Amino acid sequence: MRSYFVPLFLLTSLLSFAQITHKRKLMMLGSPFEITVVAQDTIKGNTYIDLAIAEVKRIENQISDWIPTTPISQVNKNAGIQPIKVPIEVFELVERSIKISELTSGAFDISYASMDKIWKFDGSMKAMPTEEAIKKSVAKIGYKDILLNQKEQTIFINKGMKLGLGGIGQGYIADKVKSLLVEKGCQSGLVNVSGDINAWGKQPDETPWSIGIINPLNKNKVFATFPLLDSAIETSGSYEKFVVFDGKRYSHIIDPRTGYPATGVVSVSVFAKQTEIADALATGIFVLGVEVGLDLVNQLKGISCIIVDDNGTVHVSKNIDIKKYQ
């Protein structure tokens with residue numbers, strides 16, 4: 001769940017500034033999609049936005065595992081049968097995904113789609129699944145079993161495995177939209193793919209784009225506001241989807257290594273230069289937990305994060321002075 005960002009846009013006037021913001025909201029990838037660009041007129045603004053939407057659709061038809069004709073779907077369909085040659089951008093995205101898996105000790109894993117869905121977060125679960133069922137549910141997961149052939153540009157996975165790029169794909173799309181629009185001359189904008197946010201340039205009044213972050217356990221108040229200066233942010237959260245057994249809260253974000261839901265954390269916000277990295281790391285850090293997650297982030301150059309635990313306590317990486325933004 002990634003829906004408690006509060007973009008803080010300053011409305012500007014045509015009389016005051018040569019350029020104005022143009023914004024469009026719609027549903028894409030099964031989630032809310034919002035694109036805001038700065039342009040001199042409505043025609044140019046709509047051109048940029050149309051380009052962004054076309055790019056989202058193009059990439060969706062490369063990496064979605066829901067559309068049966070995509071390269072990723074073909075890899076899944078041929079699990080245990082044969083390697084599948086894929087476009088270079090798909091190959092490289094999977095390659096980078098595996099590197100994030102290595103970095104997070106498997107807490108992030110695109111082969112999570114192989115998981116048997118034994119946990120239900122719709123209120124229907126009355127008891128914990130058995131230990132045997134939980135173990136069996138993740139038996140086919142394992143990023144080390146994703147076989148890449150760089151020379152042939154192919155991907156092969158074992159029988160029963162399935163790849164899903166949902167934990168990194170939306171971030172990748174946000175980065176690609178930004179890259180395309182900058183290439184086409186759009187000097188300032190913000191793309192929000194269901195909470196995967198990437199901003200570049202400044203608003204027409206020369207102030208930076210800003211993001212307000214809310215503690216999920218105290219939604220009535222923005223506890224910090226951060227400028228986004230040619231950077232990205234993504235949040236993974238479980239404040240709406242979870243179950244409680246014997247007084248313990250289990251989130252809908254499952255640890256792909258164990259089959260058990262992550263515990264102890266309600267949200268993770270990761271800041272990075274690229275939304276793709278923020279996207280994948282947010283999921284991994286959520287699974288790793290407060291202590292291990294912060295330790296990892298503190299070793300990564302150019303990455304920072306905010307973690308809210310299930311008591312509502314806010315934890316920040318060492319490179320964030322939270323008081324500066326409150």
Side-chain angles (χ1 to χ4, degrees), residues 1-13 17 20-27 31-38 170-171 173-175 177-178 188-241 265-279 281-283 285-286 290 293-294 297 302-326:
M1 188 69 190
R2 306 166 178 163
S3 58
Y4 64 88
F5 284 111
V6 183
L8 306 176
F9 302 125
L10 297 179
L11 299 179
T12 57
S13 167
F17 303 101
I20 59 172
T21 56
H22 305 266
K23 180 163 59 175
R24 197 181 302 175
K25 295 181 181 180
L26 60 159
M27 292 293 292
S31 303
F33 173 83
E34 184 175 337
I35 177 75
T36 304
V37 298
V38 175
Q170 290 181 331
I173 286 171
D175 289 339
V177 167
K178 170 189 172 180
S188 179
L190 183 147
V191 57
N192 181 350
V193 186
S194 188
D196 290 85
I197 297 177
N198 199 331
W200 67 100
K202 292 184 178 180
Q203 298 184 77
D205 63 355
E206 290 301 310
T207 61
W209 303 100
S210 298
I211 294 297
I213 298 182
I214 297 170
N215 186 326
L217 302 182
N218 182 17
K219 296 181 185 179
N220 297 323
K221 183 182 178 183
V222 173
F223 74 80
T225 302
F226 294 86
L228 285 184
L229 300 167
D230 293 313
S231 59
I233 181 174
E234 200 280 337
T235 287
S236 287
S238 68
Y239 50 95
E240 290 182 350
K241 289 185 178 181
V265 174
V266 293
S267 76
V268 175
S269 298
V270 175
F271 296 85
K273 281 296 181 183
Q274 293 177 299
T275 327
E276 175 188 310
I277 294 171
D279 193 2
L281 280 179
T283 303
I285 291 165
F286 195 104
V290 176
L294 284 178
V297 172
I303 308 292
S304 54
C305 81
I306 299 171
I307 303 174
V308 181
D309 67 26
D310 53 11
N311 293 316
T313 304
V314 178
H315 307 263
V316 299
S317 56
K318 65 183 181 182
N319 50 3
I320 292 182
D321 180 2
I322 194 74
K323 293 180 181 178
K324 183 179 176 182
Y325 302 102
Q326 289 178 322

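A quick note: this is a predicted structure, and the numbers were derived from the prediction, not measured.
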Side-chain (Gln203) to main-chain (Pro208) donor-acceptor, under 3.5 angstrom: yes
Those residues that, when tested against Ser304, pass side-chain hydrogen bond (donor to acceptor under 3.5 Å, both in side chains) (two or more places apart): none
query: After noting the C-alpha distance and the side-chain angles of Gln170 and Asp196, does the key distance pass the side-chain contact (heavy atoms from CB on, under 4.5 Å) rule?
result: CA-CA 7 Å; Gln170 290 181 331; Asp196 290 85; 3.4 Å; yes
- request: Sequence neighbours left out, what passes ring-ring contact (aromatic ring centres under 6.0 Å, His included) with Phe286? Give chain and number order.
  value: none
- prompt: Hey, does the side chain of Lys23 reach the backbone of Val37 with a donor-acceptor pair shorter than 3.5 angstrom?
  reply: no
field: Non-hydrogen side-chain atoms of Phe226 and Ile213 separated by less than 4.5 Å
entry: yes
- request: Report yes if some heavy atom in the side chain of Ile303 is under 4.5 Å from a heavy atom in the side chain of Ile277; otherwise report no.
  value: yes
- prompt: Quick one: does Ser188's side chain have a donor or acceptor within less than 3.5 Å of a partner on Lys202's backbone?
  reply: yes
query: How would you list, by chain and number, every residue that makes a side-chain hydrogen bond (donor to acceptor under 3.5 Å, both in side chains) with Asp175, sequence neighbours excluded?
result: Asn198, Thr275
query: Taking only residues two or more places apart in sequence or in another chain, which ones pass side-chain hydrogen bond (donor to acceptor under 3.5 Å, both in side chains) with His315?
result: Asp309
query: Mind checking what makes side-chain hydrogen bond (donor to acceptor under 3.5 Å, both in side chains) contact with Ser317, not counting sequence neighbours?
result: Asn319
field: Trp209 (side chain) donor-acceptor with Trp200 (main chain) under 3.5 angstrom
entry: yes
Among Asn192, Thr225, Ile197, side-chain contact (heavy atoms from CB on, under 4.5 Å) partner for Ile211: Ile197
- request: Carefully, step by step, assess Thr207 and Asp205 under the rule side chain to side chain donor-acceptor pair (under 3.5 Å).
  value: CA-CA 6 Å; Thr207 61; Asp205 63 355; 2.7 Å; yes
